[in-house]
Amino acid sequence: MPELAEVEYVARQLRAETRGRRIVAAHVYWARSIQGIAPDAFEAGVVGRVITEVGRRAKYLLVTLQAEQREQAPASAHEDTGDARADDPDTRILIIHRRMSGNVLLAKPDEIADGVTAFDPYTRVDFALDDGRHLVYSDPRKFGRLALVAPDALPDFFAAIGPEPLDDAFTAARLGRRLASHNGAIKAVLLDQSVVAGLGNIYADEALYRARIHPLRHANTLTETELQALRDAIRSVLETGIVNGGVTFGRHRGIYNEAGANLAHLEVYRHTGQPCLRCGAPIQRIVVVGRGTHFCPACQL
DNA sequence: CTATAAACCTGCTGGC
DNA sequence: TGCCAGCAGGTTTATA
């Protein structure tokens with residue numbers, strides 16, 4: 001459900017609303033939502049820390065948690081330059097992946113009862129903040145995962161994740177180099193997070209449609225013109241998605257449980273049988289690597 | 001290495 | 001109206 005655009009939108013909301021807030025209590029209601037650490041250790045690891053930054057990598061939400069300032073820092077051999085916190089034992093990164101049905105919600109005290117938000121009964125993890133609000137991880141299907149790691153563990157965590165498509169460094173040439181080693185269908189390759197980060201089924205279809213590339217084209221056969229069009233299309237569909245709060249036809253919500261408005265801006269996804277906006281031919285649906293794939297058979301070549 | 005499938009879970013939709 | 005099979009935006013792991 002949530003792809004790069006949906007995660008980025010929520011990251012920006014969360015950054016604006018929770019930076020500077022301290023976590024005063026945490027409760028894990030579904031143990032398997034926590035990855036790599038025991039639930040009680042996870043709870044103990046976040047309580048007392050302050051949310052200092054919220055970011056995103058691929059489809060992962062990154063919440064930086066710092067221990068409160070200590071009055072006297074312990075004697076330290078290395079000088080504190082104030083920059084990299086990679087070895088700071090007081091900093092942890094809360095990593096959240098919402099997978100298919102997860103949402104991160106910010107609830108007021110009167111919207112919370114016994115760990116369940118009034119507008120959503122699927123609370124798996126609950127964080128109480130020092131202003132009385134609750135950060136709630138809600139996930140009906142329980143596929144999503146939360147992890148708590150030290151900052152220096154991030155490189156390993158993301159070792160297999162490809163480049164960020166919204167970075168300046170994401171050029172047509174770089175995309176071309178990444179696609180060159182893949183002979184499979186371009187749709188399937190775009191879904192491979194090690195090739196490009198953050199694309200899911202919706203935005204992959206939208207990007208291919210706007211670039212006029214058939215989803216079954218072999219990834220290593222795109223021309224330079226097509227690579228440029230695809231690179232531009234990927235960025236364009238993602239940026240539109242972020243601005244509009246993401247696509248909600250199922251579960252994706254913003255932190256106030258509000259629906260995203262980007263469904264109205266999709267041009268091909270789930271438009272099966274409807275006329276192509278460019279040429280009028282009916283949009284077709286096929287299955288690629290088990291995923292519903294929508295395209296115009298007349299103008300995607 | 002590529003490729004397909006299964007597993008993880010529950011809710012929603014469409015067909016009968 | 002009611003029931004049930006099938007499907008859903010993601011990722012990991014197993015199998016061929």
query: Between C:dT11 and B:dC12, how far is it from one P atom to the other, in whole Å?
result: 23 Å
Test item: side-chain donor near acceptor, A:H182 and A:N220, under 3.5 Å: no
query: Would you say the side-chain atoms of A:N103 and A:S138 include a donor-acceptor pair closer than 3.5 Å?
result: no
- prompt: Where do A:Q274 and A:V268 land on the side chain to side chain contact (heavy atoms under 4.5 Å, CB included) test, with the steps shown first?
  reply: CA-CA 9 Å; A:Q274 298 173 27; A:V268 70; over 6 Å; no
field: Protein-nucleotide distance (A:H218, atom NE2; B:dC1, atom C1'), rounded to Å
entry: 16 Å
Side-chain cluster (under 4.5 Å, hydrophobic types only) that A:F157 belongs to, other residues: A:Y60, A:L62, A:I93, A:I95, A:V149, A:L154, A:F158, A:I161
field: Any residue meeting side-chain hydrogen bond (donor to acceptor under 3.5 Å, both in side chains) with A:D40, in chain and number order, not counting sequence neighbours
entry: none
task: Would you check if the side chain of A:R22 reaches a backbone N or O of A:L129 as a donor-acceptor pair within less than 3.5 Å?
output: no
field: Whole angstrom value for the distance that separates P of B:dC9 from CG of A:D139
entry: 11 Å
message: Under 3.5 Å for both pairing distances: what stems, at least three Watson-Crick or G-U pairs long, include DNA chain C?
response: B:2-8 with C:10-16, B:10-16 with C:2-8
field: Of residues 113-123 of chain A, the positions that come close to DNA chain C - non-hydrogen atoms, cut-off under 4.0 Å
entry: none
query: Between A:S181 and A:P140, which has a closest nucleotide on DNA chain B that is more 5'?
result: A:S181
- prompt: Which parts of nucleotides 9-16 of chain C does protein reach within less than 4.0 Å, heavy atoms only, written one letter per nucleotide 5' to 3' as B for base, S for sugar-phosphate only and - for none?
  reply: BBS-----
- line: Rounded to whole Å, the NZ-C1' distance (A:K142 to B:dG11) equals 13 Å
- prompt: Is a salt bridge present between A:K59 and A:E3, judged by a nitrogen-to-oxygen distance below 4.0 Å?
  reply: no
query: Between A:F249 and A:R270, is there a cation-pi geometry (under 6.0 Å to ring centre, at most 45° from the normal)?
result: yes
message: Other residues, nucleotides and ligands only: do more than 12 of their heavy atoms fall within 6.0 Å of NE2 on A:H265?
response: yes
task: Measure the OH-CG distance between A:Y209 and A:L277 for me, rounded to the nearest 0.5 Å.
output: 4.5 Å
- request: Rounded to whole angstrom, note down the P distance from C:dG6 over to B:dA7.
  value: 16 Å
message: Other residues, nucleotides and ligands only: do more than 12 of their heavy atoms fall within 6.0 Å of CG on A:D110?
response: yes
query: Between A:D205 and A:Y203, do the side chains contain an N or O donor and an N or O acceptor separated by less than 3.5 Å?
result: no
C1'-based separation of B:dG11 from C:dT12 [nearest Å]: 23 Å
Are there any protein N/O atoms within less than 3.5 Å of an N/O atom in nucleotides 3-6 of chain B, and if so, which ones and at what distance?
none

message: What is the distance, to the nearest angstrom, from the OH atom on A:Y137 to the C1' atom on B:dC9?
response: 12 Å
query: For atom P, what is the distance between B:dC9 and C:dC4, given to the nearest Å?
result: 23 Å
query: What distance separates A:Q13 CD from A:L105 CG, expressed to the nearest 0.5 Å?
result: 10.0 Å
- prompt: To the nearest Å, how far apart are A:D192 CG and B:dT2 P?
  reply: 10 Å
message: Before we go on, tell me: are the rings of A:F127 and A:H134 under 6.0 Å apart, centre to centre?
response: no
